[in-house]
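Computed from a predicted structure; not experimentally measured.
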2 protein chains.
Amino acid sequence: MPPTVRDRVRAEVTAEITAVARRQLAEVGAAGLSLRAVAREVGMASSAVYRYFASRDELLTRLITDGYDALGAAAEAADDPGAAPRERWLGVCRAVRSWARAHPHEYALLYGSPVPGYAAPRDTVPAAARVGVVLGRILGDAARSGALPEAAGGDRDPELVSVETAAVLGGEHPAIDDAVRVRALLAWSSLYGTVSFELFGHLAGSVADTDRYFDIAMGELTDLLGL
Amino acid sequence: MPPTVRDRVRAEVTAEITAVARRQLAEVGAAGLSLRAVAREVGMASSAVYRYFASRDELLTRLITDGYDALGAAAEAADDPGAAPRERWLGVCRAVRSWARAHPHEYALLYGSPVPGYAAPRDTVPAAARVGVVLGRILGDAARSGALPEAAGGDRDPELVSVETAAVLGGEHPAIDDAVRVRALLAWSSLYGTVSFELFGHLAGSVADTDRYFDIAMGELTDLLGL
DNA sequence: GTCGGTCAAGAGCAGCGCTCTCGTTTGCGT
DNA sequence: ACGCAAACGAGAGCGCTGCTCTTGACCGAC
């Protein structure tokens, strides 16, 4: 069935609403995002917006998934599969930071405090996982190319690292055990901790040259990973 | 001038308002905190609350400073100066995580997305720094007790680590150079990244045994620090 | 005892999310 | 080609919010 004119118009209006909402998000933040204000700027009655989004939360959810997708796309675009594992990892980290600095309010929406009384629906999960998938693939490629030292091995513990996550983090390989996987999760958390601290101002009085600080910090983490 | 009856009553009412607000914060989060609802629960008119707090933001600021102080006190209480540096560091990390898990909404208020259009006043800074001071003292004690290996040295770079922060992070010692200080800042950021990921649900599908994961992750960071 | 300062209360304003109704437009099935 | 159901935009309205202003009562120092 070809898309009717109605469908196309609906898609256009939906896109305009999300675009205006994203713009206002950058001005007033997630908590201050007002459906009425969005409607005003779009030029329609506030009630009409409810034809497109059942609630303010649903509009926010759309912004969240869009954000995860944009960040994931940036991470994927930054990964050059031909480069050395360490450079690939650092490149993705830099891409994440760049995207976060370019879209601070969207980043805060994704990785800041969860909006109270609002649980991200399941359909945000795949989009949210994209960065992790990229980093996991780099780790796996490094193992398969012999760039990682043999791991100690030891029993798998699904309580520590779930089977799904283990599969994402390079899969099964002699160079990857749960200790390596935990270090990868730690590096991932630390990446976001570092970016969040910079963006949210917790390093304000401590670090001036944030570019160099970030590079050194990420270098320490890749050392930790053995990359 | 001794405090009059008026002053004492005022202090009591102020304390009751913040107590109720803190309770409601745990229920509805920062964005949903309503001055009117607080007033209702306290049993006074909403307008009367403005005699004690000039605005909702001012009440929020009070909750923030109180939160920083409570977290800082928890960190200080958890530090046993007689223990080995590594155990001291890990103990403080565990205390931070415990406090965060016990007060998730307050933690989110402190280290989650900043409220847009709201800049934390300067008087929150000393309270916010308390955890960092505790960790910095442990690092300094470790250096002075010879538990840290001699550092490479190299020039100080105030752009990388400010002089104030360098002073907090153990001060001047042959075992502490900017590389060590950056690793300390990284460990600090990573602590909060790890706690935030756990609290905000980003590790939900990956790690089930969060206690063990946290201990292993913090162990990696202390290794990185040389503690 | 009086008088200045502090307090709680209430009304009111503008904005919010959301719902309901109403008249119009669109597109599919007959 | 036509009719009907679904989709649509606009407007009014409900109950909530933060915040302001006015009013009247009370306390405490002189």
Side-chain angles (χ1 to χ4, degrees), chain A residues 1-21 23-25 27-64 109 114-119 121, chain B residues 1-18 20-25 27-64 105 109 115-119 121:
Chain A
M1 180 153 42
T4 68
V5 175
R6 217 188 180 86
D7 291 337
R8 278 190 30 220
V9 169
R10 182 176 179 85
E12 279 175 21
V13 174
T14 305
E16 188 177 355
I17 291 175
T18 55
V20 169
R23 218 194 48 73
Q24 293 208 356
L25 178 71
E27 277 186 5
V28 297
L33 185 70
S34 152
L35 210 145
R36 285 174 115 110
V38 171
R40 251 195 314 274
E41 186 171 327
V42 174
M44 57 202 274
S46 65
S47 55
V49 178
Y50 284 86
R51 302 279 183 195
Y52 298 87
F53 296 95
S55 69
R56 179 181 168 279
D57 276 3
E58 197 174 296
L59 176 57
L60 260 178
T61 299
R62 177 60 174 270
L63 294 182
I64 290 176
L109 185 61
V115 179
Y118 164 83
Chain B
M1 178 152 43
T4 69
V5 176
R6 226 189 176 80
D7 291 338
R8 276 188 33 219
V9 170
R10 182 177 180 85
E12 280 175 20
V13 175
T14 304
E16 187 177 357
I17 291 175
T18 54
V20 169
R22 192 156 26 243
R23 218 193 50 71
Q24 293 208 356
L25 177 72
E27 278 185 4
V28 297
L33 186 70
S34 153
L35 211 146
R36 287 172 114 107
V38 171
R40 254 196 311 274
E41 185 171 329
V42 173
M44 58 203 271
S46 64
S47 55
V49 178
Y50 284 86
R51 301 280 182 192
Y52 298 86
F53 296 95
S55 68
R56 179 180 169 280
D57 275 5
E58 196 174 297
L59 176 57
L60 221 48
T61 299
R62 176 60 174 270
L63 294 182
I64 290 177
H105 287 90
L109 187 61
V115 180
Y118 164 82

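Spacing between atom CZ of A:Arg36 and atom P of D:dA10 amounts to 14 Å, rounded to whole angstrom units. In this structure, CD of A:Glu12 is placed 12 Å from P of D:dG9, rounded to the nearest angstrom. A straight line from OH of A:Tyr50 to P of C:dT19 spans 7 Å, rounded to a whole angstrom. Taking atom CZ on A:Phe53 and atom P on C:dG17, their separation rounds to 14 Å, with Å as the unit. Residue A:Arg51 contributes atom CZ, which lies 11 Å from atom C1' of C:dT24 at whole-angstrom precision. Rounding to whole angstrom units, CG of residue B:Leu60 and P of D:dT17 are separated by 16 Å.
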Requested in this report: Check step by step if side-chain contact (heavy atoms from CB on, under 4.5 Å) holds for B:Arg8 and B:Glu12.
Outcome: CA-CA 6 Å; B:Arg8 276 188 33 219; B:Glu12 280 175 20; 4.3 Å; yes

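Residue-to-nucleotide proximity on DNA chain C shows that, of A:Ala54 and A:Ala37, the 5′-proximal contact is made by A:Ala37.
Nucleic acid contact for B:Leu33: sugar-phosphate only, since backbone atoms but no base atoms lie under 4.0 Å from a heavy atom of the residue.
Taken to the nearest 0.5 Å, the OG1 atom of A:Thr18 stands 5.5 Å off from the CZ atom of A:Arg62. Going from atom CZ of B:Arg56 over to atom CG of B:Leu35 covers 8.0 Å, rounded to the nearest 0.5 Å. To the nearest 0.5 Å, the span separating CG on B:Leu33 from CD on B:Glu27 amounts to 10.5 Å. Distance check: A:Leu25 CG to A:Ile64 CD1 gives 9.5 Å after rounding to the nearest 0.5 Å.
In this structure, A:Ser34 reaches the C:dG17 phosphate: one of its side-chain N or O atoms is under 4.0 Å from OP1 or OP2. Using a 4.0 Å cut-off, no side-chain N or O of A:Tyr52 falls inside it from OP1 or OP2 of D:dA7. Between A:Arg56 and C:dG17 there is a side-chain polar atom (N or O) within less than 4.0 angstrom of OP1 or OP2.
Taking 4.5 Å as the limit, every side-chain heavy atom of A:Thr61 sits out of range of all side-chain heavy atoms of A:Phe53.
The stretch residues 38-47 of chain A comes close to DNA chain D through A:Met44, A:Ala45, A:Ser47, each having a heavy atom under 4.0 Å from the strand.
Judged by distance alone, with hydrogens and angles left aside, A:Arg10 brings no side-chain donor or acceptor close enough to the base of D:dA7 to form a pair under 3.5 Å.
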Identify each donor-acceptor pair in which a side-chain atom of residues 41-49 of chain B lies under 3.5 Å from a protein atom, sequence neighbours left out, and give them as a table.
residue : atom : partner : partner atom : Å
B:Glu41 : OE1  : B:Arg23 : NH2          : 2.7
B:Glu41 : OE1  : B:Gln24 : NE2          : 3.0
B:Glu41 : OE2  : B:Arg23 : NE           : 3.0
B:Glu41 : OE2  : B:Arg23 : NH2          : 3.1

